[in-house]
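What you see is a predicted model; the values in this text were computed from it and never measured. Every chain is numbered from 1, with letters handed out A, B, ... down the list of sequences.
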Amino acid sequence: MAQNPPAPRLGKPLKRAFFLRSVHEVAPDLIGATLLVNGVGGVIVELEAYHHTEPAAHSFNGPTPRNAVMFGPGGFVYVYRSYGIHWCVNFVCEREGSASAVLIRALEPTHGIAAMRRRRGLHDERALCSGPGKLTQALGITHAHNGLALDVPPFALYARIGKIEVATGVRIGITKAAELPWRYGLKGSKFLSKPF
DNA sequence: CTCTTGATCTTCT
DNA sequence: GAAGATCAAGAGC
């Protein structure tokens with residue numbers, strides 16, 4: 001087995017207050033940040049913004065048992081079941097009642113790659129976390145994590161270090177409000193769910 | 001490479 | 001009963 005390169009240095013820990021502003025300010029600032037769950041994870045390279053004022057958001061029709069966390073304050077985790085089989089993870093943004101969030105869609109694996117390969121049953125690093133359902137499986141995220149805070153274990157989030165270029169485009173896999181350019185990604189990354 | 005399909009949970013009609 | 005913020009496997013080109 002080839003040795004993995006050393007994991008990159010981490011930036012400063014992001015606190016809950018990081019999320020208490022517009023989802024469109026948070027979204028580009030999260031590209032390049034590092035997400036870890038029990039020490040396993042990587043660099044966020046792709047995400048999408050959702051807001052209760054547009055019909056693609058789960059919160060558009062008001063609170064339900066599933067989306068209740070979205071209606072709380074920013075800085076917490078919203079996990080939902082997708083197509084009956086996958087889990088998808090969101091970070092809630094803005095103030096309580098704003099019901100906005102970013103869907104984490106892809107990571108560049110950097111920490112705990114062996115654990116991710118084991119959970120995914122795959123060796124190819126580029127396929128470990130290149131999609132919203134894939135990365136939750138790789139990090140071990142399930143409904144048990146719904147409602148947890150992002151700045152408290154098992155979660156840890158670290159600011160990016162240095163400059164990057166953020167790409168934007170239309171969101172993937174939706175039919176309502178499909179024209180909004182609310183997909184954000186790390187320009188040129190090899191770990192996206194799809195190229196921009 | 002693209003296209004199709006099955007898996008089967010939660011919400012809405 | 002249908003649709004959905006998905007993925008992997010298999011068929012066909």
Side-chain angles (χ1 to χ4, degrees), chain A residues 19 22-24 26-28 30-31 33 35 37 40-42 44-72 74 76-94 98-109 115-148 150 166-186 189-196:
Chain A
F19 293 92
S22 163
V23 67
H24 295 295
V26 173
L30 274 177
I31 300 298
L35 169 67
V37 180
V40 176
I44 297 171
V45 296
E46 178 183 342
L47 57 79
E48 290 174 354
Y50 289 87
H51 193 273
H52 84 272
T53 52
E54 49 82 18
H58 285 177
S59 52
F60 182 66
N61 290 312
T64 66
R66 175 177 69 159
N67 67 20
V69 176
M70 274 190 86
F71 287 82
F76 290 82
V77 174
Y78 165 47
V79 180
Y80 71 93
R81 176 85 79 172
S82 175
Y83 289 88
I85 38 189
H86 306 292
W87 299 107
C88 292
V89 65
N90 295 252
F91 299 167
V92 178
C93 297
E94 307 188 4
S98 164
S100 65
V102 291
L103 167 70
I104 308 303
R105 288 194 53 92
L107 304 179
E108 175 177 345
M116 291 194 263
R117 284 180 169 141
R118 191 162 58 243
R119 288 174 177 147
R120 295 271 295 122
L122 283 177
H123 186 265
D124 180 10
E125 264 183 46
R126 289 167 63 151
L128 287 181
C129 296
S130 55
K134 298 179 188 182
L135 73 91
T136 54
Q137 185 184 23
L139 272 59
I141 296 172
T142 71
H143 63 117
H145 297 92
N146 189 44
L148 298 184
L150 272 164
V166 175
T168 61
V170 295
R171 296 174 292 183
I172 292 176
I174 60 171
T175 55
K176 292 175 276 192
E179 73 287 355
L180 295 177
W182 288 5
R183 178 179 178 229
Y184 298 80
L186 179 59
S189 172
K190 305 289 188 289
F191 298 89
L192 302 170
S193 68
K194 285 169 69 170
F196 277 82

(message) Set out, in order, the CA-CA distance, both residues' side-chain angles and the distance that settles side chain to side chain contact (heavy atoms under 4.5 Å, CB included) for A/F191 and A/R126, then state yes or no.
(response) CA-CA 5 Å; A/F191 298 89; A/R126 289 167 63 151; 3.8 Å; yes
Is there side-chain contact between [X] and [Y], with heavy atoms separated by less than 4.5 Å?
{"X": "A/S22", "Y": "A/E94", "value": "yes"}
{"X": "A/C129", "Y": "A/L139", "value": "yes"}
{"X": "A/F19", "Y": "A/L30", "value": "yes"}
{"X": "A/W182", "Y": "A/E54", "value": "yes"}

Restricting to salt bridge (charged side-chain N to carboxylate O under 4.0 Å, His left out), what partner residues turn up for [X], sequence neighbours left out?
{"X": "A/E48", "result": "A/R105"}
{"X": "A/R66", "result": "none"}
{"X": "A/R183", "result": "A/E46"}

(request) Apply ring-ring contact (aromatic ring centres under 6.0 Å, His included) to A/H86 and list each qualifying residue two or more places apart in sequence or on a separate chain. (result)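 Expected list: none.
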(request) List for me each residue that meets ring-ring contact (aromatic ring centres under 6.0 Å, His included) alongside A/H51, sequence neighbours excluded, and say none if there are none. (result)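 Counting only residues at least two positions away or on another chain, A/H51 forms no ring-ring contact (aromatic ring centres under 6.0 Å, His included).
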(message) Has A/R171 got a side-chain atom pairing as donor or acceptor with A/Y50's backbone, closer than 3.5 angstrom?
(response)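 A pair under 3.5 Å: no.
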(message) Nearest 0.5 angstrom please: A/L47 CG to A/L35 CG, how far?
(response)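 Atom-to-atom, A/L47:CG and A/L35:CG are 11.0 Å apart.
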Show which side-chain atoms of residues 76-83 of chain A pair as donor or acceptor with protein atoms under 3.5 Å away, not counting sequence neighbours.
| unit_1 | atom_1 | unit_2 | atom_2 | d |
| --- | --- | --- | --- | --- |
| A/Y78 | OH | A/H58 | ND1 | 2.8 |

(request) Please measure how far the C1' atom in B/dC3 lies from the corresponding atom in C/dA5, and state the result in whole Å. (result)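 Approximately 22 Å lies between the C1' atom of B/dC3 and that of C/dA5.
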(message) Work out how far the P atom of B/dT5 is from that of C/dC13, and round it to whole angstrom.
(response)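 Going atom to atom, P in each nucleotide, I get 14 Å.
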(message) Could you walk me through whether A/R120 and A/Q137 satisfy the side chain to side chain donor-acceptor pair (under 3.5 Å) test, starting with their C-alpha distance in whole Å, then the side-chain angles of each, then the deciding distance to 0.1 Å, before giving a yes or no?
(response) CA-CA 7 Å; A/R120 295 271 295 122; A/Q137 185 184 23; 2.8 Å; yes
(message) By nearest heavy atom, map A/T175 and A/Q137 onto DNA chain C; which one lands nearer the 5' end?
(response)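 By nearest-heavy-atom nucleotide position, the 5'-most residue is A/T175.
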(request) Hey, which sits more toward the 5' end of DNA chain C by its nearest nucleotide, A/L103 or A/L122? (result)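 Whichever sits nearer the 5' end wins; that is A/L103.
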(message) Checking A/V102 against A/I104 for the side chain to side chain contact (heavy atoms under 4.5 Å, CB included) test, could you report, in this order, the C-alpha distance in whole Å, the side-chain angles of both residues, the deciding distance, and whether it holds?
(response) CA-CA 6 Å; A/V102 291; A/I104 308 303; 4.2 Å; yes
(request) Please name all residues satisfying side-chain hydrogen bond (donor to acceptor under 3.5 Å, both in side chains) with A/H24, sequence neighbours left out, ordered by chain then number. (result)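 Partners of A/H24 by the side-chain hydrogen bond (donor to acceptor under 3.5 Å, both in side chains) criterion, ordered by chain and then number, come out as A/Y184.
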(message) Counting only heavy atoms and a strict 4.0 angstrom limit, can you tell me which residues of residues 126-136 of chain A come near DNA chain C?
(response)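 When residues 126-136 of chain A is checked for heavy atoms under 4.0 Å from DNA chain C, the hits, listed by number, are A/G131, A/P132, A/G133, A/K134.
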(request) Mind calculating the distance between NZ (A/K194) and P (B/dC1) to the nearest angstrom? (result)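 These atoms are roughly 14 Å apart.
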(request) Mind running a 4.0 Å heavy-atom check of residues 78-87 of chain A against DNA chain B and sending the residues that fall below it, in number order? (result)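 Going residue by residue through residues 78-87 of chain A, the ones with a heavy atom under 4.0 Å of DNA chain B turn out to be A/R81, A/G84, A/I85.
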(message) Of all nucleotides in DNA chain C that come within under 4.0 Å of a heavy atom of chain A, which is furthest toward the 5' end and which toward the 3' end?
(response)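 Listing 5' to 3', DNA chain C meets chain A from C/dG4 to C/dA8.
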Tabulated below should be each protein N or O lying under 3.5 Å from an N or O of nucleotides 11-13 of chain B; please produce it.
| unit_1 | atom_1 | unit_2 | atom_2 | d |
| --- | --- | --- | --- | --- |
| B/dT11 | OP1 | A/R66 | N | 2.9 |

(message) What's A/R120 touching, base or sugar-phosphate or nothing? Going by heavy atoms closer than 4.0 Å.
(response)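 Result for A/R120 = sugar-phosphate.
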(message) If a pair means Watson-Crick or G-U wobble with both distances below 3.5 Å, what does DNA chain C look like in dot-bracket form, with | marking bases paired to a different strand?
(response) ||||.|||||||.
